[in-house]
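What follows is a single structure, written as structure tokens, with notes after it.
Below, each value reflects all heavy atoms present in this structure, side chains not excepted, and no hydrogens, waters or symmetry copies.
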Amino acid sequence: MNIIFETPRLYLRQFTLEDAGLLLQLNSNPEVLKYLHEPLLETEEQALHIINTIILPQYKNNLGRWAVHLKSSNEFIGWCGLKYLAELNEIDLGYRLMQPFWGKGYAFEAAKHTLDYGFNQLHLKTIVGRAHIENTASLKILEKTGMQYVKDELVDNCPVKTFAIQNPQLL
């Protein structure tokens with residue numbers, strides 16, 4: 001298991017091909033994908049395809065969406081991480097948790113430590129984050145991490161608010 005870093009309550013690790021069932025469980029819940037323009041996953045083969053084509057390729061750049069687990073039980077609760085968006089030439093902060101773990105501060109904890117990792121370990125200059133304009137919980141997390149509102153925009157025909165944060169060491 002390749003652990004990227006730990007927080008007080010969580011550890012974040014690289015996904016593996018064996019995690020298709022976990023990703024299927026996360027991305028087959030309509031509430032989890034409510035504000036995203038992604039189809040619900042229906043099979044482990046679909047989840048495996050996402051791991052192979054979207055998640056694993058990011059790891060070669062020390063970036064990626066990482067599996068988030070509770071340290072207390074090792075339970076998988078979702079993912080968080082940094083992804084390079086080639087079409088925008090940006091590093092994107094993203095997070096997605098299973099519904100039973102919403103509202104417990106886990107997404108903020110993972111996101112905040114992911115930003116710290118991006119700035120202190122990877123020496124990134126700027127990290128962006130986006131959330132659907134109606135996803136108030138996710139917008140609050142972006143704000144709470146210290147990200148600053150940049151603009152409203154359409155991404156994949158989805159109305160989002162875009163936030164960004166600069167590496168404080170480079171200011």
Taking every non-hydrogen atom, the tightest pair across W79 and G94: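 Here W79 and G94 meet closest at CZ3-C, 3.3 Å.
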
Can you give me the closest heavy-atom contact between W102 and E31, atom names plus distance? CH2-O, 3.6 Å

Whether [X] side chain and [Y] backbone form a donor-acceptor pair below 3.5 Å:
X    : Y    : value
W66  : F15  : no
Q58  : I55  : no
N167 : F119 : yes
Y84  : N61  : no

Enumerate donor-acceptor pairs with a distance under 3.5 Å from any side-chain N or O in residues 136-146 to protein atoms, sequence neighbours excluded.
residue : atom : partner : partner atom : Å
S138    : OG   : Y95     : OH           : 3.0
T145    : OG1  : L142    : O            : 2.7

With the side chain counted from C-beta on, respond yes when [X] and [Y] share a heavy-atom pair under 4.5 Å apart, and no when they do not.
X    : Y    : result
I50  : L41  : yes
L48  : L17  : yes
Y117 : L122 : yes
V128 : L93  : no
L12  : C80  : yes
Q46  : H49  : no

Under the criterion side chain to side chain donor-acceptor pair (under 3.5 Å), I'd like the reasoning laid out for N62 against Q121: C-alpha separation, chi angles, the key distance, then a yes or no. CA-CA 10 Å; N62 294 318; Q121 302 300 315; over 6 Å; no

Nonpolar side-chain network containing [X], other nodes, edges under 4.5 Å:
X    : value
L170 : none
L85  : L88
M1   : I3, Y11
V155 : V160

Start with the C-alpha distance between Y106 and T7, add both sets of side-chain angles, then the distance that settles side chain to side chain contact (heavy atoms under 4.5 Å, CB included), and finish with yes or no. CA-CA 10 Å; Y106 296 129; T7 74; over 6 Å; no

Where do I133 and Y35 land on the side chain to side chain contact (heavy atoms under 4.5 Å, CB included) test, with the steps shown first? CA-CA 9 Å; I133 60 171; Y35 296 110; over 6 Å; no

Rounded to the nearest 0.5 Å, what separation is found between the [atom1] atom of [X] and the [atom2] atom of [Y]?
X   : Y   : atom1 : atom2 : answer
F76 : L97 : CZ    : CG    : 9.0 Å
K34 : Q99 : NZ    : CD    : 9.5 Å
I51 : Q14 : CD1   : CD    : 12.0 Å
Q25 : E44 : CD    : CD    : 10.5 Å

Take D92 and K83, measure what salt bridge (charged side-chain N to carboxylate O under 4.0 Å, His left out) needs, and give me the verdict at the end. CA-CA 5 Å; D92 173 72; K83 179 179 178 184; over 6 Å; no

Testing K151, E90, E153 one by one against T162 for a side chain to side chain donor-acceptor pair (under 3.5 Å), which residue passes?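 So, applying the side chain to side chain donor-acceptor pair (under 3.5 Å) to T162 and each of K151, E90, E153, only E153 qualifies.
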
Should R130 and F163 be marked as a side chain to side chain contact (heavy atoms under 4.5 Å, CB included) after you check the CA-CA gap, both sets of side-chain angles, and the distance that decides it? CA-CA 6 Å; R130 290 182 177 84; F163 289 75; over 6 Å; no

Would H132 and C158 count as a side chain to side chain contact (heavy atoms under 4.5 Å, CB included) if you check the C-alpha gap in whole Å, the side-chain angles of each, and the deciding distance to 0.1 Å? CA-CA 7 Å; H132 190 282; C158 182; 3.4 Å; yes

Please name the residue in the list T126, L124, I127 that meets the side-chain contact (heavy atoms from CB on, under 4.5 Å) test with I165. I127

Would you mind telling me which of N27, I77, V68 makes a side-chain contact (heavy atoms from CB on, under 4.5 Å) with R96?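 Of the listed residues N27, I77, V68, the side-chain contact (heavy atoms from CB on, under 4.5 Å) partner of R96 is N27.
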
Atom CG of N2: over 12 foreign heavy atoms under 6.0 Å: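 For N2, atom CG is crowded (more than 12 foreign heavy atoms under 6.0 Å).
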
Please collect all salt bridge (Lys or Arg N to Asp or Glu O under 4.0 Å) contacts where either partner lies in residues 3-26, sequence neighbours excluded, each pair once. E6-K71, R9-E109, R13-D19

